[in-house]
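Because only heavy atoms are used, hydrogens play no part in the values below, and waters and symmetry mates are left out as well, while side chains stay in. Computed from a predicted model, the values in this text were never measured in an experiment.
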Amino acid sequence: MTVVWINGAFGAGKTTTARELIELIPNSTLFDPEVIGGALTHLLPPKRLAEVGDYQDLPMWRRLVIDTAAAMLADLGGTLVVPMTLLRQEYRDEIFGGLAARRIEVRHVLLAPAETILRERIASRETPEDLPDGEIRVRQWCYDHIEPYRSALASWLTADAHPVDTGTLTPYEAAARVAEAVGSGAVPACDIVQTPEPTGETVAAGVLLFDDHDRVLLVDPTYKPGWEFPGGVVEPGEAPARAGMREVREETGLLLDDVPALLVVDWERPAPPAYGGLRMLFDGGRLDSADAGRVLLPGQELRDWRFVTEDEAAGLLPPVRYERLRWALRARERGAALYLEAGTPVG
């Protein structure tokens, strides 16, 4: 099962190209996630909608995109063509990682006309007649997203997606160019580790590694949003501390000589669709400068690493992971492990 994700700025011609593309790729189906966004405007209370500037900011939208794509492919098979702008890397990680967890490969294509052509297309774009001030609002929305598009191009988008310059192409010609690139393998499947979704509560082990300044090592996974500690799910029959050592070796290339000491055990409550479970953090000790220089990241699973202070970690880690780190650092200072429930010490 395959998803061909057609990315690009608003006005790049994603939807028209996608409609032509399903005629060129055998056994393919169009899935426009904008339909889900439109449905949510009718389903959610106005107060909830007012809390976000874009329906992509709703975790519910991102989950529904993953679930709907998986359900369509399970029923129809073949290839799903998805025209949707994705400019935030953490949303790309969440959606593409969720699809990979369901054993669905993603081929990421970027329609990239020159900005002058993009602006011309936006200026001539048709707008709904029944929408008050529709012409101004729709076009301004597109113009407002040119700068985020530029930022995504400069930081991650070009490296992640296969670009196709559609500035002088008709929608059919653009679709033919995409179909040729996908069929020839020029658009490879995204390099995302396929982490199977848990079917029940899990035990996970993370390891804190420190530099000479007592900064902690964090890694940036390609398959989920937010930074993380080196670590992962404990396999059946595996000791948690040993699982942490294995994950450190797999994720960073570093071999730990000693079994790390326990810092915290945190019970993470189930929050559907996640099952929760036990999350452990261990003290992997201090790395000398030579060890730190030998950190090697597998391109499929992690894209970056850095040593950070506790304050810097607050801006990188999701809140629940930051609380876990905060209490792990206190436990390290005191020399006594802590038991947490949802990031809060108990007892």
Tell me if a side-chain donor or acceptor on [X] pairs with a main-chain N or O of [Y] at a distance below 3.5 Å.
| X | Y | answer |
| --- | --- | --- |
| S151 | E147 | yes |
| D283 | A261 | no |
| D220 | W305 | no |
| T79 | V3 | no |
| R279 | T202 | yes |
| R92 | T222 | yes |
| K14 | L110 | no |
| S184 | A181 | yes |
| R62 | Q56 | yes |

task: Find the distance between CG (D266) and OG1 (T344) and round it off to the nearest 0.5 Å.
output: 8.0 Å
- prompt: In Å, rounded to the nearest 0.5 Å, how long is the span from OG1 of T29 to CD1 of I22?
  reply: 7.0 Å
Flag the pair [X] and [Y] as a salt bridge only when some basic side-chain nitrogen lies within less than 4.0 angstrom of an acidic carboxylate oxygen.
| X | Y | value |
| --- | --- | --- |
| R88 | D54 | no |
| R330 | E310 | yes |
| R215 | E312 | no |

query: Do R324 and F229 meet the cation-pi criteria used here (NZ or CZ under 6.0 Å from the six-membered ring centre, within 45° of the axis)?
result: no
query: Linking Ile, Leu, Val, Met, Phe, Trp and Tyr by side-chain heavy atoms under 4.5 Å, what else ends up with Y172?
result: L24
- request: Measure the shortest side-chain to side-chain distance between D211 and L217 over non-hydrogen atoms and say whether it is less than 4.5 angstrom.
  value: no
query: Crowded around R177 CZ? As in, over 12 foreign heavy atoms under 6.0 Å?
result: no
query: Hey, is CZ on R269 packed in by over 12 heavy atoms from elsewhere, all under 6.0 Å?
result: no
task: Give every residue pair that meets the ring-ring contact (aromatic ring centres under 6.0 Å, His included) criterion with at least one member in residues 47-90, sequence neighbours excluded.
output: Y55-W61
message: Checking V207 against M245 for the side chain to side chain contact (heavy atoms under 4.5 Å, CB included) test, could you report, in this order, the C-alpha distance in whole Å, the side-chain angles of both residues, the deciding distance, and whether it holds?
response: CA-CA 8 Å; V207 179; M245 297 174 72; 5.8 Å; no
message: Testing R103, R102, R107 one by one against E105 for a salt bridge (charged side-chain N to carboxylate O under 4.0 Å, His left out), which residue passes?
response: R107
task: For W227, check ring-ring contact (aromatic ring centres under 6.0 Å, His included) against everything at least two apart and list the hits.
output: none
Worked verdict on L208 versus F282 for side chain to side chain contact (heavy atoms under 4.5 Å, CB included): CA-CA 6 Å; L208 302 186; F282 294 87; over 6 Å; no
- prompt: Taking it one step at a time, do W267 and V346 satisfy side chain to side chain contact (heavy atoms under 4.5 Å, CB included)?
  reply: CA-CA 10 Å; W267 175 74; V346 176; over 6 Å; no
